[in-house]
Number of protein chains: 2
Amino acid sequence: MGSIFQQDMDEYLPLRDVVFKTLRQGILTGELKPGERLMEIHLANKLGVSRTPIREAIRKLELEGLVTMIPRRGAEVAQITEKSMKDVLEVRKVLDNLSVELACERITEEEKEQLQNACMDFEDAVKTGDFSMIAKTDVAFHDIIVAATRNIRLSQMVNNLAEQMYRYRFEYIKDSTQHNRLVQEHKEICDGIISGDKEKALAAIEAHIDNQEIAVLNQIRIDREKRA
Amino acid sequence: MGSIFQQDMDEYLPLRDVVFKTLRQGILTGELKPGERLMEIHLANKLGVSRTPIREAIRKLELEGLVTMIPRRGAEVAQITEKSMKDVLEVRKVLDNLSVELACERITEEEKEQLQNACMDFEDAVKTGDFSMIAKTDVAFHDIIVAATRNIRLSQMVNNLAEQMYRYRFEYIKDSTQHNRLVQEHKEICDGIISGDKEKALAAIEAHIDNQEIAVLNQIRIDREKRA
DNA sequence: TTAATGTATATTGTATACAAAAAGCAATTT
DNA sequence: AAATTGCTTTTTGTATACAATATACATTAA
């Protein structure tokens, strides 16, 4: 009994969180472009809520670094510059290394299975060529790794940093010449963690991030040239 | 000319930010205790503002990890557990290492001077025994190091992590048997960075954090025993 | 034409009002 | 005595109203 009620309870989310997720999604997919102003009344009308939840959502996005506040002028979608992305990557490298290291030490047998499956799901998604599926299975794979660290704060921080780059991920994923390499990198990370071979896993994750760095910085330069 | 106007402009802060800083300060100093509920009307009356800025400040504290939200029940000051502190420290270690490493590479001559001065200020503060002065000069010292990394995001993250431990810092600083060691550690970090000797600086910062870890975890156990 | 000024409009900042849910408590029942 | 029910109070969640500021645009003067 009680299943429907329980379900209803679980599904309850304050509007501010719904708005928060919606706006974040919009920023990460590029629907809301860097520099675009986030005007409260406009958003409120669009989402069918009042200004209050909009404002509270913006406060959180502000701390996440996805929007920039200008006092008495409001919020705008944060610009992505080469510098800001290099800053993110500089931190991400050490935190991803830490994640993999801890995951090697702390992963459970159950999670090993999940990781193996996620790795295969990603491979399948790449084969189908469905971009949104590729993106989804990629996130799922990395989520299992950070969860295996047993460190919630680390998970949050790594996710937040990864998020900053999701804004470029579509371009990255669309480049199908990279696909085989991506699958190969995932497999090596997966093998390394499952076999507890830290060195192998670390080398693989480092290569993985380095390649992302090249792709993202390249994309930024392309975007800049387009504008110029 | 225009100096007063300019000053007024600089001093403008939305109430939400004033409230944010006030509440954060309250949490870090322990005036607001872990588990204590943050009731909006009560805080609004106490600070002489309406609920709106209070709510927006709480949204930010939520993302900083200083308050915990319970839907339809409101916010409370986040509990500090041994686990949560170990999580923080695990991340802090690698980010502090990164900070020192980058600072070694990127610090300017001007900053070297500032660092040297900050190091001496800290020594002086310790000699006087003024706790709030010790805390202040300690923060100033570390601020110079993170600023020297030229990585704003890293700075924010390190500061946020350090913040989590400020909640215990007073106990730590009060223990005067530690003072000489603290000064010594600061000196070694300072020397290492100024001379560009990464290994020395890294060894020193690691020892510094390790000692803080011992002190903080110890304090948590003491607090727990008090409660029991 | 450019710069400056004034006015209207749009937008944020803050306060308040109203609705919905949770918590506390007393009366009642078992 | 313990549990349950219903009522009251408190508190959050959301919407709206009002005030202060910034922006845009037209008008005027140099």
Side-chain angles (χ1 to χ4, degrees), chain A residues 1-2 4-24 26-27 32-63 66-78, chain B residues 1-2 4-24 26-27 32-63 66-78:
Chain A
M1 65 132 267
I4 24 171
F5 297 105
Q6 189 51 43
Q7 225 169 336
D8 284 345
M9 298 295 281
D10 284 356
E11 273 170 23
Y12 170 77
L13 257 189
L15 286 183
R16 58 169 181 267
D17 291 329
V18 176
V19 173
F20 175 66
K21 289 187 179 184
T22 306
L23 292 181
R24 179 169 59 184
I27 294 173
L32 296 168
K33 296 200 170 23
E36 189 170 335
R37 285 185 69 180
L38 296 175
M39 281 178 303
E40 298 169 4
I41 309 175
H42 178 240
L43 291 172
N45 292 337
K46 199 169 163 188
L47 302 179
V49 300
S50 78
R51 281 175 61 207
T52 309
I54 302 281
R55 288 178 65 84
E56 297 189 357
I58 288 177
R59 293 291 88 74
K60 300 218 282 185
L61 291 168
E62 184 188 348
L63 222 66
L66 290 176
V67 313
T68 309
M69 286 303 303
I70 305 170
R72 290 194 168 121
R73 182 150 191 282
E76 54 182 53
V77 179
Chain B
M1 66 133 270
I4 25 170
F5 297 106
Q6 190 52 42
Q7 225 169 337
D8 284 346
M9 299 295 280
D10 285 355
E11 276 171 22
Y12 170 77
L13 257 189
L15 285 184
R16 57 169 179 268
D17 291 329
V18 177
V19 173
F20 175 65
K21 289 187 179 183
T22 306
L23 292 181
R24 180 169 58 183
I27 294 173
L32 296 168
K33 297 203 168 21
E36 189 170 336
R37 285 184 71 181
L38 296 175
M39 281 178 301
E40 299 169 3
I41 309 175
H42 177 239
L43 290 173
N45 292 337
K46 198 169 163 189
L47 302 179
V49 300
S50 78
R51 281 175 61 208
T52 309
I54 303 281
R55 288 178 65 84
E56 298 189 355
I58 288 176
R59 293 291 87 76
K60 300 217 284 184
L61 291 168
E62 186 189 347
L63 223 65
L66 290 177
V67 314
T68 308
M69 286 304 301
I70 304 171
R72 289 196 167 120
R73 183 150 191 283
E76 53 183 53
V77 179

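Just so we're on the same page: letters track the sequence lines, and every chain starts at 1. None of the values given here were measured: they were computed from a predicted structure.
- In this structure the side chain of Leu38(B) never reaches within 4.5 angstrom of the side chain of Glu76(B), judged on heavy atoms.
- When every heavy atom of Ala75(B) is checked against every heavy atom of Val67(B), the shortest pair comes out as CB-CG2, 4.3 Å.
- The pair Arg59(B)-Glu56(B) fails the salt-bridge criterion, with no side-chain N (NZ, NE, NH1 or NH2) lying under 4.0 Å from an Asp/Glu carboxylate O.
- When each of Met39(B) and Arg37(A) is assigned the nucleotide of DNA chain D with its nearest heavy atom, Met39(B) is the one assigned upstream, toward the 5' end.
- Between Glu62(B) and Leu63(A), every side-chain heavy-atom pair lies at or beyond the 4.5 Å cut-off.
- Spacing between atom CZ of Arg16(A) and atom P of dA20(C) amounts to 18 Å, rounded to whole angstrom units.
- Taking atom CD of residue Glu76(A) and atom C1' of nucleotide dT12(C), one finds them 14 Å apart after rounding to whole Å.
- Here the side chains of Met69(B) and Arg16(A) are in contact, with some heavy-atom distance below 4.5 Å.
- Among the atoms of the strands shown, only primed sugar atoms or phosphate atoms (P, OP1, OP2) are found under 4.0 Å from some heavy atom of Leu38(A).
- With a 4.5 Å cut-off on side-chain heavy atoms, Leu66(A) and Val77(A) do not count as touching.
- Partners of Glu40(A) under the salt bridge (charged side-chain N to carboxylate O under 4.0 Å, His left out) rule, at least two apart in sequence or in another chain, are Arg51(A), Arg55(A).
- In this structure, Leu15(B) places its CG atom 13 Å from P of dA20(D), rounding to the nearest Å.
- Atom CD of Glu40(B) and atom C1' of dT14(D) are 11 Å apart (whole Å).
- Atom CD of Glu62(B) is separated from atom P of dT12(D) by 14 Å (rounded to the nearest Å).
- Two residues are said to be in side-chain contact when any heavy atoms from C-beta on lie closer than 4.5 Å; Leu47(A) and Val18(A) fail this criterion.
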Practice problem: Any chance you could lay out the side chain to side chain contact (heavy atoms under 4.5 Å, CB included) test for Arg73(B) and Arg37(B), step after step, and finish with the verdict? | Solution: CA-CA 9 Å; Arg73(B) 183 150 191 283; Arg37(B) 285 184 71 181; 3.6 Å; yes
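- Neither OP1 nor OP2 of dA20(D) sits under 4.0 Å from any side-chain N or O of Arg72(A).
- Counting to the nearest Å, the P atom of dT11(D) and the CD atom of Glu36(B) are 13 Å from each other.
- Across the protein-nucleic acid pair, Arg73(A) atom CZ and dA24(D) atom C1' stand 12 Å apart, rounded to whole Å.
- Contacts with DNA chain D (heavy atom under 4.0 Å) in residues 41-61 of chain B: Ile41(B), Arg51(B), Arg55(B), listed by number.
- When the C1' atom of dT14(C) is taken as reference, atom CG of Leu13(B) falls 15 Å away, rounded to whole Å.
- Where pairing requires Watson-Crick or G-U contacts shorter than 3.5 Å, the helical stems of DNA chain C with at least three consecutive pairs are C:1-30 with D:1-30.
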